[in-house]
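In this chain, numbering begins with 1 at the start of the sequence shown.
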Amino acid sequence: SGQKVCYGSFKRSCYKIAYFQDLSRRVGFQEARQACEMDGGALLSLESEAEQQLIENMLQNLTKSGSGISDGDFWIGLWRSGDGLATSSACPDLYHWADGSISPFRNWYTDEPSCGSEACVVMYHQPTANPGLGGPYLYQWNDDRCNMKH
């Protein structure tokens with residue numbers, strides 16, 4: 001399930017946000033990717049600051065609508081393939097979009113990506129968390145372990 005919102009002015013005219021309050025319904029990166037593909041779509045590729053802002057506004061509207069949305073990060077389609085741990089300074093350049101998009105746009109949180117065993121990317125949505133060095137944990141990106149449930 002999820003909320004589908006369509007816009008005429010963006011390259012991808014429709015977006016679907018799936019948020020599960022019930023922690024047992026949250027899934028890992030590959031499960032989320034497969035669910036999107038089965039629905040005829042793909043995990044979100046953010047190609048510009050304007051598209052990032054659009055998604056932030058959609059999430060803010062969900063929060064305002066009284067849906068009870070709370071802390072819970074969202075998978076996006078950015079990930080780093082390959083086995084082993086990436087620890088080199090080139091690690092941030094190894095991330096690519098699951099749908100093949102080539103956009104260089106990134107919105108990492110301060111000190112991210114941390115790389116290592118974290119190869120899949122979430123958009124932070126932790127409105128109740130105390131702000132860190134990069135400010136509130138809202139809408140910036142963080143690499144996480146792919147088997148985490150979001």
What is the minimum heavy-atom distance between [X] and [Y], and which atoms define it?
| X | Y | result |
| --- | --- | --- |
| V27 | E31 | CB-CB, 3.6 Å |
| A42 | D99 | CB-CB, 4.0 Å |
| S101 | E47 | OG-OE2, 3.0 Å |

Mind checking the [atom1]-[atom2] spacing from [X] to [Y]? Nearest 0.5 Å is all I need.
| X | Y | atom1 | atom2 | answer |
| --- | --- | --- | --- | --- |
| T110 | N142 | OG1 | CG | 11.5 Å |
| C146 | R33 | SG | CZ | 10.0 Å |
| Q52 | E56 | CD | CD | 4.5 Å |
| D143 | S117 | CG | OG | 9.0 Å |

Got [X] and [Y] here, is their nearest side-chain heavy-atom distance under 4.5 Å?
| X | Y | result |
| --- | --- | --- |
| L59 | I17 | yes |
| L44 | I55 | yes |
| Y95 | V121 | yes |
| F29 | H150 | no |
| C115 | R80 | yes |

Original post:
When you measure from the side chain of E112 to the backbone N and O of S114, does any donor-acceptor pair fall under 3.5 Å?
Top reply: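 Yes, E112 side chain to S114 backbone: donor-acceptor pair under 3.5 Å.
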
Subject >> D39 (side chain) donor-acceptor with G41 (main chain) under 3.5 angstrom >> reply: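 No, because the side chain of D39 does not come within donor-acceptor range (under 3.5 Å) of the backbone of G41.
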
Original post:
Which of these passes side-chain contact (heavy atoms from CB on, under 4.5 Å) with Y124: L138, D73, N107, D144?
Top reply: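 Looking at L138, D73, N107, D144, the match for Y124 under the side-chain contact (heavy atoms from CB on, under 4.5 Å) is D73.
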
**OP:** For a side-chain contact (heavy atoms from CB on, under 4.5 Å) with L46, tell me which candidate from M123, Q53, R106 qualifies.
**Re:**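 It is M123, the one option of M123, Q53, R106 that forms the side-chain contact (heavy atoms from CB on, under 4.5 Å) with L46.
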
**OP:** Would you check if the distance from the ring center of F105 to the ring center of W141 is below 6.0 Å?
**Re:**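 When the ring centroids of F105 and W141 are compared, they turn out to be within the sub-6.0 Å range.
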
**OP:** Apply the test side-chain contact (heavy atoms from CB on, under 4.5 Å) to residues L78 and S45: give CA-CA distance (whole Å), side-chain angles for both, the deciding distance (0.1 Å), then the verdict.
**Re:** CA-CA 7 Å; L78 193 65; S45 294; over 6 Å; no

**OP:** Go through Q140 and W108 one step at a time and tell me if the side-chain contact (heavy atoms from CB on, under 4.5 Å) criterion holds.
**Re:** CA-CA 5 Å; Q140 309 91 341; W108 295 113; over 6 Å; no

Original post:
Stepwise, does the side-chain contact (heavy atoms from CB on, under 4.5 Å) test hold for W75 with Q30?
Top reply: CA-CA 10 Å; W75 288 118; Q30 292 299 348; over 6 Å; no

Subject >> Worked check of side-chain contact (heavy atoms from CB on, under 4.5 Å) between K149 and R25 >> reply: CA-CA 8 Å; K149 308 290 186 189; R25 295 195 59 202; over 6 Å; no

Original post:
What orientation do Y137 and Y109 show, parallel under 30°, tilted 30 to 60°, or perpendicular over 60°?
Top reply: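 If you compare the ring of Y137 with that of Y109, the planes turn out parallel.
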
